[in-house]
Amino acid sequence: MADNNASDIRSVAVLGTGIMGAAMARNLARAGLDVRAWNRTRARAEPLAADGVRVTDTPAEAVDGADAVLTMLLDGPAALDALRQAAPALPSGALWLQMGTVGTEGLAPLAGFAAEHGLRFVDAPVLGTKDPAEKGELTILAAGPQDVRERAERIFGIVGSSTRWVGEDAADGAASRLKLVVNTWVLTVISGTGESLALAKGLGVDPRDFLAAVAGGALDLPYLRLKSELILSENYPASFTVSAARKDARLITEAARDAGVHVDLLAAAAERLRRAEQQGHGDKDASAAYYAGFDD
């Protein structure tokens, strides 16, 4: 297989078809690629068949003969487990795009597996939630060698609108480290939005007055508006769930601890997410951590 020819990418195995993976698989199939998808719970992958995606029972069936493998799973252990199941059918030299948020510690075993099995490994976590994923407008943070980038871009150009290459060696973790930094900001904004609106309710302040007060100024931002509307409507369609956000918070705090950095705001956000999950909001959008501002 020629690493420098993007036309070599004809078939893609997508392992993990949750909110993000399903959108990616659908867009790849609509772009004319042969897409095989596997999900731990097969029923969640079944709707993709309507878009021409072949749904498989095992990871091995999905990767058999594939030119590229895209993993979009919860964390590093989940991705490693799926690739181990796929190992007997993995084509030597296949491109492996790791696109989930796995953190720094979770990446090393994946890179080791790729080296052991002769896979061309690219660490490429994404920025964006359900809506940009469905529109193929994700931002991709990628690290990998120059000689596989054209092939990787064949896929990135379908699932995303921009790619930022930040390193030559995926195993070095530059992309995953950047993703943790970005998600620190994401979780800070989500938590700050929820706390502000909870305090408004507690103090008898109209939350619309708060939003009007910051409108158009330096303190305003689209993400504040987006998450505020979910809270005010009391409607939380999942794009980045409370449980997924809590997982990311754990990865961030672990990485920060290892780096000797105190992330006090993030630690507080993690506790809010834990309480919201305990209250039964784990499957809702992360903005539902708003409820952690109140006693049950």
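Everything quoted here is computed from the prediction, not taken from an experiment. Side-chain atoms are counted along with the backbone in the values below, which use heavy atoms only and exclude waters and symmetry mates.
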inquiry  = Between Ser243 and Gly282 (side chain of the first, backbone of the second, donor and acceptor by atom type, cut-off under 3.5 Å), is there such a pair?
reply    = yes
task = Check the surroundings of atom CG in Asp283: do more than 12 heavy atoms from other residues, nucleotides or ligands lie under 6.0 Å from it?
result = no
Residues which pass ring-ring contact (aromatic ring centres under 6.0 Å, His included) with Phe210, listed by chain and number, not counting sequence neighbours = none
note = Contacts satisfying side-chain hydrogen bond (donor to acceptor under 3.5 Å, both in side chains) that involve residues 208-221 (not counting sequence neighbours) are Arg208-Glu229, Asp220-Arg225
ask   = Within 45° of the axis and under 6.0 Å from the centre of the six-membered ring of Phe294, does NZ or CZ of Lys201 qualify?
value = yes
key: Arg42, CZ: over 12 other non-hydrogen atoms inside 6.0 angstrom   = yes
task = Using the salt bridge (charged side-chain N to carboxylate O under 4.0 Å, His left out) rule, pick out the option among Arg250, Lys247, Arg246 that qualifies with Glu277.
result = Arg246
request  = Please name the pair of heavy atoms, one in Ala142 and one in Thr163, separated by the smallest distance, quoted to 0.1 Å.
outcome  = CB-CG2, 4.1 Å
ask   = To the nearest 0.5 Å, what is the distance between OG1 (Thr104) and CG (Leu180)?
value = 6.0 Å
note = Those residues at least two apart in sequence (or on a different chain) that pass side chain to side chain donor-acceptor pair (under 3.5 Å) with His281 are Lys284
inquiry  = Measuring from atom OG1 of Thr188 to atom CG of Asn183, what distance do you get when rounded to the nearest 0.5 angstrom?
reply    = 10.0 Å
message = Counting C-beta onward and ignoring hydrogens, is there a side-chain heavy-atom pair between Val214 and Leu224 closer than 4.5 Å?
response = yes
inquiry  = As an exercise, state the distance from CG of Asn27 to CD of Glu134, rounded to the nearest 0.5 Å.
reply    = 8.5 Å
ask   = Going by atom types only, do Glu153 and Trp165 share a side-chain donor-acceptor pair under 3.5 Å?
value = yes
Separation between CG of Asp123 and CD1 of Ile140, rounded to the nearest 0.5 Å = 12.5 Å
note = By side-chain contact (heavy atoms from CB on, under 4.5 Å), Glu116 pairs with (sequence neighbours left out) none
ask   = Can you get from Ile19 to Phe240 by hopping between Ile, Leu, Val, Met, Phe, Trp and Tyr side chains that sit under 4.5 Å apart?
value = no
message = Could you report the tightest heavy-atom contact between Leu232 and Pro207, atom names first, then the distance?
response = CD2-CG, 3.5 Å
Arg84 and His117, any side-chain heavy atoms less than 4.5 Å apart = no
request  = Look at the side chain of Arg36 and the backbone N and O of Ala62, then say whether any donor-acceptor pair between them is shorter than 3.5 Å.
outcome  = yes
ask   = Mind checking what makes side-chain contact (heavy atoms from CB on, under 4.5 Å) contact with Leu230, not counting sequence neighbours?
value = Lys227, Tyr236, Pro237, Asp285, Ser287
Student check: side-chain heavy atoms of Val166 and Arg177 closer than 4.5 Å = no
task = Show your working on side-chain contact (heavy atoms from CB on, under 4.5 Å) between Arg10 and Asp34 and close with a plain yes or no.
result = CA-CA 6 Å; Arg10 294 178 294 269; Asp34 171 29; 5.9 Å; no
message = If you define the side chain from C-beta out and look only at heavy atoms, does anything of Val159 sit under 4.5 Å from Met72?
response = no
query = Do you reckon Leu127 sits in the same ILVMFWY cluster as Leu251, going by side-chain contacts under 4.5 Å, direct or chained?
reply = yes
message = Between Glu254 and Arg257, does any NZ, NE, NH1 or NH2 come within less than 4.0 Å of an OD or OE carboxylate oxygen?
response = no
inquiry  = I want to check something: taking the side chain as every heavy atom from C-beta on, are Leu70 and Met99 in contact at a cut-off of under 4.5 Å?
reply    = yes
query = Does a side-chain N-to-carboxylate-O contact under 4.0 Å join Arg154 and Asp8?
reply = no
message = Quick check: do Leu197 and Ser228 have side-chain heavy atoms less than 4.5 Å from each other?
response = yes
key: Tyr223 and Ile190, any side-chain heavy atoms less than 4.5 Å apart   = yes
remark   = Between the CZ atom in Arg54 and the CG atom in Leu48, the distance rounded to the nearest 0.5 Å is 13.5 Å
key: Other ILVMFWY residues reachable from Trp96 by side-chain steps of under 4.5 Å   = Leu15, Trp38, Val63, Val69, Leu73, Leu80, Leu83, Leu90, Val102, Leu107, Leu110, Phe113, Leu119, Phe121
inquiry  = If you compare all heavy atoms of Val14 against all heavy atoms of Gly21, which two are closest, and at what distance to 0.1 Å?
reply    = CG1-O, 3.9 Å
remark   = Value for CG (Leu28) from CG (Leu33), rounded to nearest 0.5 Å, stands at 5.5 Å
